[in-house]
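One structure is given below, encoded as C-alpha cells.
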Amino acid sequence: QTEDPAPPPAEGGEEEEVAPDRADADLVIWADTLKAASLQAPAAAWGAANGVTVAVQAVPGTLRDLVITADQAGNGPDIVIGAHDWLGTLVQNGSIVPVTIGNQADFPPSVLDAARDGGQIFGVPYSVETLVLFANTNLVPDHTAPATIEEMIEAGEASGAERVLCLPLGTVGDAYHLEPIFTAGGGYIFGRNADGSWNPQDVGVDGPGGLAAADRIAQLGADGILSTAVTGDNAIPLFADGRCAYLISGPWAIASLTEANTPYTMATIPGFAGGGEAAPFMGVNLFYQMAHGANPAFAQSFLQDLSSNPEITEGMFRTNQLPPAQISLLNQIAQQYPDMAKIAEAAQNATAMPAIPEMNAIWGPLGQAQASVVDGADPHATFTAAATAIRNAIAGG
C-alpha cells in the first residue's frame with residue numbers, strides 16, 4: 001500500500017506542521033509515514049553492516065516545505081525521500097546536492113531523466129508510478145482494453161454499473177488525475193524549449209488544444225462520465241464496491257482492491273477516437289541528499305550502495321509494495337507481483353511530471369477550472385481565466 005501522490009489543490013489543515021528534531025544518529029533520513037516504515041529494517045541492516053547508526057524519521061504533512069526550512073536552519077536530515085517534482089524547488093532553494101548513481105544501467109533512461117536538473121542527477125530513483133485504467137471484470141466480464149474513451153464509455157454503459165468511470169475530481173478538481181483526459185483532448189500544461197526542457201512561459205491551458213480539451217471535459221461532465229461527486233476519498237471505494245465499471249488510479253489503489261476482493265484488470269488509459277494519446281504523468285520517488293546535512297559522507301555511502309544493487313529497495317518493497325525504479329528489482333518481483341510490474345512498465349512510457357517550481361502555479365487554477373466545466377461552467381471562458389491566473393502566479397514568483 002502506498003499513499004496517493006496527487007498534489008493537493010489547496011492547502012488544508014489548521015494545525016501548524018512542525019518538523020521533528022534531528023535524531024542523534026550518524027545518518028538521518030526523513031520520509032512520509034509509509035516509506036519510513038518500509039525503510040526501517042533495511043536501513044538498520046545497512047547501518048549494522050557499515051558501523052553506522054541510522055535514524056529513519058516519519059514526517060507527516062508537507063514534507064517538502066518542512067525539509068527545506070530545516071535544511072536552511074541546519075537541523076534537517078542527511079537524506080529525504082520525496083517526489084521527483086520537488087526537484088526544481090529544492091534546487092532553487094539550494095537544499096540538495098547532485099548524487100552519484102552506482103549503476104546507471106539499472107535504471108530506465110526516462111527515470112534517470114526525471115532526476116536531472118541542468119544536466120546533473122539530484123536523486124537516486126526508488127520507485128515509479130503512473131495512472132492506469134482499472135476495469136471491474138464482474139461488470140465488464142469480456143473486458144478487453146478499450147482502444148478509445150468512446151469504447152470505454154460504451155462498455156461501461158452496457159455493464160449496468162451506477163457509473164461508467166470513477167476518476168477523482170471533487171469540487172476543487174484534480175488536475176493530476178485528469179491529465180490523461182486533458183492531454184487526450186489536445187491540451188498541454190507547458191511547452192518545451194528546443195533542448196527539450198520545460199518552458200513555463202508557454203502555458204497551453206488556453207491554447208487551441210487546451211480549449212478543445214475543455215470542450216471534451218465539459219461534454220464528459222454533461223454526459224455524467226465525469227462528476228465532482230467522485231473524489232480522492234471515494235473513487236477507489238466506489239470502484240471496489242462495484243459501483244463503477246472503470247477507475248483511473250495508480251498503484252496506491254491495488255491494496256484496497258485486493259482487500260475488497262474486487263476482480264480487476266489493468267490497461268493503458270485510452271485517448272479519444274481520432275485524437276491524440278492520453279498522457280498521464282509519471283512520478284518518480286527519489287532519495288535526495290540534503291545540502292546542509294550533518295554527515296554528507298555517510299549519506300553518499302548509503303546512496304552509492306542504494307543505487308548499486310537492489311538490496312535496500314527490495315527490503316522496502318516487502319513492507320510497502322511500490323513499482324520499482326530499478327530494473328533488477330523489477331525483474332525479481334515481476335512474476336509474484338505482475339500488477340506492480342505492469343505499472344512500472346507503463347511509467348517508463350509516461351511523461352515525467354515537470355519538476356520545475358512553476359508547476360506549483362498549475363494545480364489550483366487548472367483543477368478548479370476542470371471541476372467547474374464538469375459542473376457546467378463555460379469551457380473557454382473558464383480555462384482562459386485559469387490560464388491568466390497561472391501566468392500571473394508564475395510572473396509573481
Side-chain angles (χ1 to χ4, degrees), residues 5-7 35 64 79-93 95-132 175-176 179-180 182-183 188-202 204 250-251 268-269 276-289 291 300 303-304 306-310 313 322-331 340-360 362:
K35 295 182 184 68
R64 185 194 69 180
I79 292 171
V80 66
I81 304 176
H84 86 272
D85 59 297
W86 298 5
L87 182 55
T89 299
L90 293 177
V91 170
Q92 186 181 59
N93 282 276
S95 303
I96 56 175
V97 295
V99 300
T100 300
I101 302 291
N103 182 11
Q104 289 200 18
D106 201 21
F107 299 90
S110 60
V111 172
L112 287 178
D113 285 345
R116 282 195 176 92
D117 185 276
Q120 293 182 296
I121 295 177
F122 278 88
V124 176
Y126 149 52
S127 67
V128 296
E129 57 206 10
T130 195
L131 297 173
V132 295
Y176 175 86
E179 178 68 2
F182 180 59
T183 52
Y188 67 89
I189 290 177
F190 294 129
R192 292 186 185 265
N193 297 310
D195 63 358
S197 61
W198 296 105
N199 178 5
Q201 305 309 311
D202 179 7
T268 301
I269 300 167
E277 293 183 358
F281 287 125
M282 173 182 69
V284 182
N285 284 304
L286 302 174
F287 280 77
Y288 295 104
Q289 181 179 343
Q300 290 166 8
L303 294 176
Q304 181 76 14
L306 176 80
S307 61
S308 296
N309 68 73
T313 48
L322 297 176
Q326 286 165 293
I327 297 169
S328 55
L329 180 54
L330 177 61
N331 291 339
M340 290 294 160
K342 287 178 185 176
I343 291 177
E345 290 160 5
Q348 294 177 22
N349 298 316
T351 301
M353 188 186 297
I356 56 177
E358 290 83 0
M359 273 301 291
N360 295 326
I362 293 293

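Side chains included, hydrogens not; waters and symmetry mates left out as well; all remaining heavy atoms used. Here the structure is a predicted model, which means the values were calculated and not measured.
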| Between Pro324 and Val128, which heavy-atom pair has the shortest distance, and what is it? | O-CG2, 3.8 Å
| task | Could I get the full list of side chain to side chain contact (heavy atoms under 4.5 Å, CB included) partners for Thr313, not counting sequence neighbours? | result | Tyr126, Leu306, Pro310, Gln326, Leu329
| request: For side chain to side chain contact (heavy atoms under 4.5 Å, CB included), just list the numbers for Phe281 and Ile189, CA-CA rounded to whole Å, side-chain angles, deciding distance to a tenth of an Å, and then say yes or no. | output: CA-CA 11 Å; Phe281 287 125; Ile189 290 177; 3.7 Å; yes
| said: Could you go through Ile81 and Lys35, starting from their C-alpha distance and side-chain angles, then the distance that decides it, and tell me whether this counts as side chain to side chain contact (heavy atoms under 4.5 Å, CB included)? | reply: CA-CA 8 Å; Ile81 304 176; Lys35 295 182 184 68; 3.8 Å; yes
| Check: Asn360 side chain, Pro357 main-chain N or O, donor-acceptor pair, under 3.5 Å | yes
| said: Please check this pair: side chain of Thr183 against backbone of Ala279, looking for a donor-acceptor N/O pair closer than 3.5 Å. | reply: yes
| field | Non-hydrogen side-chain atoms of Ile362 and Phe190 separated by less than 4.5 Å | value | yes
| request: State, to 0.1 Å, how close Leu87 and Ala355 come at their nearest heavy-atom pair, and which atoms those are. | output: CB-CB, 3.9 Å
| message | Let me confirm one number: the CE-NE2 distance from Met353 to His84, rounded to the nearest 0.5 Å. | response | 6.5 Å
| said: The test is side chain to side chain contact (heavy atoms under 4.5 Å, CB included); show your working for Leu112 and Gln104 and say whether it passes. | reply: CA-CA 8 Å; Leu112 287 178; Gln104 289 200 18; 3.9 Å; yes
| said: Quick one: does any side-chain atom of Asn193 pair with a main-chain N or O of Trp198 as donor and acceptor, under 3.5 Å? | reply: yes
| query | Looking at Val132 and Ile269, what are the two nearest heavy atoms and their distance? | reply | C-CG1, 3.7 Å
| Test item: Ile327 and Pro108 side chains (from C-beta on) under 4.5 Å apart, heavy atoms | yes
| query | Can you tell me how far CG of Leu330 sits from CD1 of Ile343, rounded to the nearest 0.5 angstrom? | reply | 11.5 Å
| Do Arg64 and Thr89 have side-chain heavy atoms sitting under 4.5 Å apart? | yes
| query | Atom OH of Tyr188 and atom CZ of Phe182: how far apart are they, to the nearest 0.5 Å? | reply | 9.0 Å
| note | Nearest heavy-atom contact between Glu129 and Pro251 is CB-CG, 3.9 Å
| request: Specify the closest pair of heavy atoms between Ile356 and Pro200, including all atoms of both residues, with the distance to one decimal. | output: CD1-CB, 4.1 Å
| note | Interatomic distance, CD1@Ile121 vs CZ@Phe107, rounded to 0.5 Å, equals 9.0 Å
| message | Are Glu179 and Pro280 packed together at the side-chain level, in the sense that at least one heavy-atom pair is separated by less than 4.5 angstrom? | response | no
| said: Strictly distance-based, threshold 3.5 Å: is any side-chain N or O of Asp195 a donor or acceptor partner for the main-chain N or O of Ser197? | reply: yes
| message | Using the side chain to side chain contact (heavy atoms under 4.5 Å, CB included) criterion, which residues pair with Glu277? Sequence neighbours excluded. | response | none
| query | To the nearest 0.5 Å, what is the distance between NZ (Lys342) and OG1 (Thr268)? | reply | 10.5 Å
| Shortest non-hydrogen separation from Ala115 to Gly123 and the atoms involved | CB-O, 3.6 Å
| request: Spell out, as yes or no, whether a donor-acceptor pair under 3.5 Å connects the side chain of Ser307 to the backbone of Gly102. | output: yes
| Audit row: Asn285, Ser127, side chain to side chain donor-acceptor pair (under 3.5 Å) steps and yes/no | CA-CA 5 Å; Asn285 284 304; Ser127 67; 2.8 Å; yes
| request: Using modelled atom types only, decide if a donor and an acceptor are shared between the side chain of Tyr288 and the backbone of Val99 within a distance under 3.5 Å. | output: no
| query | Between the side chain of Arg116 and the main-chain N/O of Gln120, is any donor-acceptor distance below 3.5 Å? | reply | no
| From CA spacing to verdict: side chain to side chain contact (heavy atoms under 4.5 Å, CB included), Phe122, Val97 | CA-CA 6 Å; Phe122 278 88; Val97 295; 5.5 Å; no
| task | Answer with yes or no whether the side chains of Ser308 and Asn103 bring together a donor and an acceptor at under 3.5 Å. | result | no
| message | Suppose we screen for side chain to side chain contact (heavy atoms under 4.5 Å, CB included). Which residues come up paired with Ser95, at least two apart in sequence or across chains? | response | Ile68, Asp71, Leu90, Asn93, Met290
| Atom CD1 of Ile96 and atom CD of Gln289: how far apart are they, to the nearest 0.5 Å? | 10.0 Å
